[in-house]
Amino acid sequence: MTQSIETVVFPVAGLGSRFLPATKAIPKEMLPVVDQPLIQYAVNEAVAAGARRLIFVTGRTKKAIEDHFDMAYELETELAKSHKQALLDCAKSVLPEGVSCAFVRQSQPLGLGHAVLCAKPLVGDRPFGVILPDDLIDAGQQPVMQQLADQFDQTGRSVISVKRVPEDLTQLYGVVDIGDQAGPAAAIHSIVEKPARGQAPSNLAVVGRYLLTPRIFELLETTAPDQRGEIQLTDAIARLLDEQGADSYEFNGQHFDCGSKLGFLQATVEYALKHPELKQGFAEYLTHRGAL
Ligand code: UTP
């Protein structure tokens, strides 16, 4: 297994305003898809790819994320006393042994780039992964973070996950230009955040997985805020291209944008249809219900 992703950063300090009022007091990342909160899927992906240090960049109302990954002493004692071993295993499984969590506060939501920069003192001078938990990706046995790490091991350059989106949706994403190179990996020529309609250099959209060299921190420190006052990770990556280069990687896996209600519902249906205890009953329900 690769050493390149010992540390993964989870920026979870956003406001989650698209899910209000659900996210007024509860972090978006704690909303469950079937029976696990979004953040758990993200952590499982990082750990499956070999990460041992998990860094959460949190904000106000995000305390539940810390509690989720802490030991639930009373709950575990009760379950042990009443011999509910399966439930006890379930409660303990949120974090495998040997994996550590650290939390750092982003006191104001000044953008994804700023959130990543907040993790600098904890990451140190090594390459690291970034996972946005609301981009849920079902990649089966090969987590996308692992796919990026395998690519990184070949080149030593930063890697950014991308997927093809319909041309009329490119304005919602960061978009990369790779010219006419064939994938899945390609050197990025340029990258732009949320290009105006009709201005996107391609339909290859950035999805929330990055493997970055630590140089990104110095670039973030000197990246100017955009018109909305946010420091964009995309803008720092654009500068990284000039210095070190970076690759895009068209991953294998099904992506759900769980930052939107529609994507969240789609993920819920697909994960329920794969869940060992639910898939049969849920499929029967959908069949009986029929088309609208
Ligand atoms: P989003 O653009 O989805 O923003 O952030 P959001 O605030 O979470 O949600 P909405 O748009 O208000 O509904 C993408 C990722 O970047 C993180 C978010 O937590 C999310 O994982 N982020 C964004 C930060 O950690 N800090 C920020 O200042 C901005």
Side-chain angles (χ1 to χ4, degrees), residues 8-31 33 37-46 54-66 68-69 101-123 128-137 144-145 160-163 165 169-175 191-195 205-210 212 216-217 220-221 223-237 255-265 267:
V8 171
V9 174
F10 304 90
V12 290
L15 298 177
S17 52
R18 281 170 287 169
F19 277 89
L20 282 169
T23 48
K24 194 166 168 232
I26 294 170
K28 171 174 70 173
E29 297 77 13
M30 287 303 293
L31 298 178
V33 170
L38 274 176
I39 190 69
Q40 185 71 54
Y41 290 97
V43 161
N44 292 352
E45 176 180 334
L54 311 181
I55 298 170
F56 301 83
V57 182
T58 70
R60 277 187 65 247
T61 76
K62 302 287 178 166
K63 190 173 171 297
I65 296 176
E66 282 186 51
H68 179 75
F69 290 106
C101 292
F103 299 86
V104 60
R105 219 48 194 275
Q106 184 192 24
S107 44
Q108 271 180 286
L110 295 176
L112 176 59
H114 181 260
V116 170
L117 183 55
C118 290
K120 180 184 177 196
L122 296 172
V123 171
F128 64 101
V130 176
I131 296 183
L132 305 190
D134 43 11
D135 279 321
L136 179 57
I137 306 177
V144 176
M145 195 37 81
I160 293 145
S161 70
V162 294
K163 75 165 188 178
V165 298
L169 293 181
T170 48
Q171 76 278 3
L172 301 175
Y173 296 88
V175 178
I191 184 168
V192 56
E193 184 65 25
K194 299 191 176 69
V206 176
V207 171
R209 304 288 183 278
Y210 308 78
L212 299 167
I216 198 75
F217 290 127
L220 281 168
E221 275 165 343
T223 294
D226 65 8
Q227 290 143 331
R228 293 165 56 204
E230 294 189 350
I231 296 174
Q232 295 297 345
L233 183 57
T234 303
D235 292 342
I237 292 171
H255 167 238
F256 302 96
D257 174 11
C258 290
S260 79
K261 289 176 196 168
L262 184 60
F264 194 93
L265 287 172

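Just the heavy atoms: all of them, side chains too, but no hydrogens, waters or symmetry mates, feed the values below. Both counts, for ligands and for their atoms, begin at 1 and track the order of listing.
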**Q** Just go through I131, V9, L112, T58 and tell me whose heavy atom is the nearest to atom 16 (O) of ligand 1.
**A**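 Going through I131, V9, L112, T58 one by one, L112 has the nearest heavy atom to atom 16 (O) of ligand 1.
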**Q** Under a 4.0 Å heavy-atom limit, does Q106 contact ligand 1 with its side chain, its backbone, both, or neither?
**A**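 Contact part for Q106 vs ligand 1: side chain (C-beta onward).
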**Q** Identify the protein heavy atom lying closest to atom 13 (O) of ligand 1, giving its residue, its atom name and the separation to 0.1 Å.
**A**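 Looking only at protein heavy atoms, the one closest to atom 13 (O) of ligand 1 is R18 N, 2.8 Å.
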**Q** Do the side chain of Y41 and the main chain of V33 share a donor and acceptor less than 3.5 angstrom apart?
**A** yes
**Q** Quick one: look at A115 and ligand 1, take heavy-atom pairs under 4.0 Å, and tell me if it's side chain, backbone, both or neither.
**A**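 A115 to ligand 1: side-chain contact only, backbone stays beyond 4.0 Å.
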**Q** Work out whether the distance between some heavy atom of G259 and some atom of ligand 1 is less than 4.0 Å.
**A** no
**Q** Identify, for atom 21 (O) of ligand 1, the protein heavy atom at the shortest distance, and state residue, atom and that distance.
**A** P11 O, 2.8 Å
**Q** Could you pull out, from H114, K28, E29, the option with a heavy atom nearest to atom 8 (O) of ligand 1?
**A** K28
**Q** Would you say R209's side chain and D135's backbone share a donor-acceptor pair under 3.5 angstrom?
**A** yes
**Q** Can we call the ring centroids of F56 and F69 under 6.0 Å apart?
**A**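 Yes, the ring of F56 comes within the 6.0 Å limit of the ring of F69, centre to centre.
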**Q** Under the side-chain contact (heavy atoms from CB on, under 4.5 Å) test against H68, which residue among P37, C101, P27 passes?
**A**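 Per the side-chain contact (heavy atoms from CB on, under 4.5 Å) rule, the option paired with H68 is P37, out of P37, C101, P27.
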**Q** Verify the neighbour count for atom CD of E221: are there more than 12 heavy atoms of other residues, nucleotides or ligands below 6.0 Å?
**A** yes
**Q** Is the distance from the ring center of F128 to that of F217 below 6.0 Å?
**A** yes
**Q** Can you pull out the closest protein heavy atom to atom 25 (O) of ligand 1? Residue, atom name and distance to 0.1 Å, please.
**A**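 Scanning the protein heavy atoms, the shortest distance from atom 25 (O) of ligand 1 goes to A13 N, 2.9 Å.
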**Q** Identify the closest protein heavy atom to atom 10 (P) of ligand 1: which residue and atom is it, and at what distance?
**A** S17 N, 3.4 Å
**Q** Taking heavy atoms and a distance under 4.0 Å, where does D134 meet ligand 1: side chain, backbone, both or neither?
**A**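 Side chain only.
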**Q** Does ligand 1 have any atom that is closer than 4.0 Å to a heavy atom of V12?
**A**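 Contact check V12 vs ligand 1: positive.
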**Q** Indicate yes or no: does an N/O atom of L110 lie under 3.5 Å from an N/O atom of ligand 1?
**A**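 Checking ligand 1 against L110, an N or O pair does fall under 3.5 Å apart.
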**Q** Would the distance check show the side chain of T234 and the main-chain N or O of V192 forming a donor-acceptor pair, the cut-off being under 3.5 Å?
**A**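 No; judged by distance alone, with no hydrogens or angles, the pair does not exist.
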**Q** Would you find more than 12 non-hydrogen atoms of other residues, nucleotides or ligands less than 6.0 Å from I26 atom CD1?
**A**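 12 or below, so no.
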**Q** Can you find an N or O of L15 that's nearer than 3.5 Å to an N or O of ligand 1?
**A** yes
**Q** Taking E45 for the side chain and M145 for the main chain, is one N or O donor matched with an acceptor at less than 3.5 Å?
**A**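 Yes; at least one donor-acceptor contact below 3.5 Å.
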**Q** Regarding K28 and D134, does a basic nitrogen lie under 4.0 Å from an acidic carboxylate oxygen?
**A** yes
**Q** At less than 4.0 angstrom from any non-hydrogen atom of P109, what atoms of ligand 1 do you find?
**A** 28 (O)
**Q** Taking only heavy atoms of G111 into account, list the atoms of ligand 1 that are under 4.0 Å away from them.
**A** 26 (N), 27 (C), 28 (O), 29 (C)
**Q** Is V57 in polar range of ligand 1, meaning some N or O pair under 3.5 Å apart?
**A** no
**Q** Give yes if a backbone or side-chain nitrogen or oxygen of L132 is under 3.5 Å from a nitrogen or oxygen of ligand 1, and no if not.
**A**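 No, there is no polar N/O contact under 3.5 Å.
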**Q** In sequence, state the C-alpha distance, the side-chain angles, and the governing distance for L38 and F264, and then conclude on side-chain contact (heavy atoms from CB on, under 4.5 Å).
**A** CA-CA 10 Å; L38 274 176; F264 194 93; 4.1 Å; yes
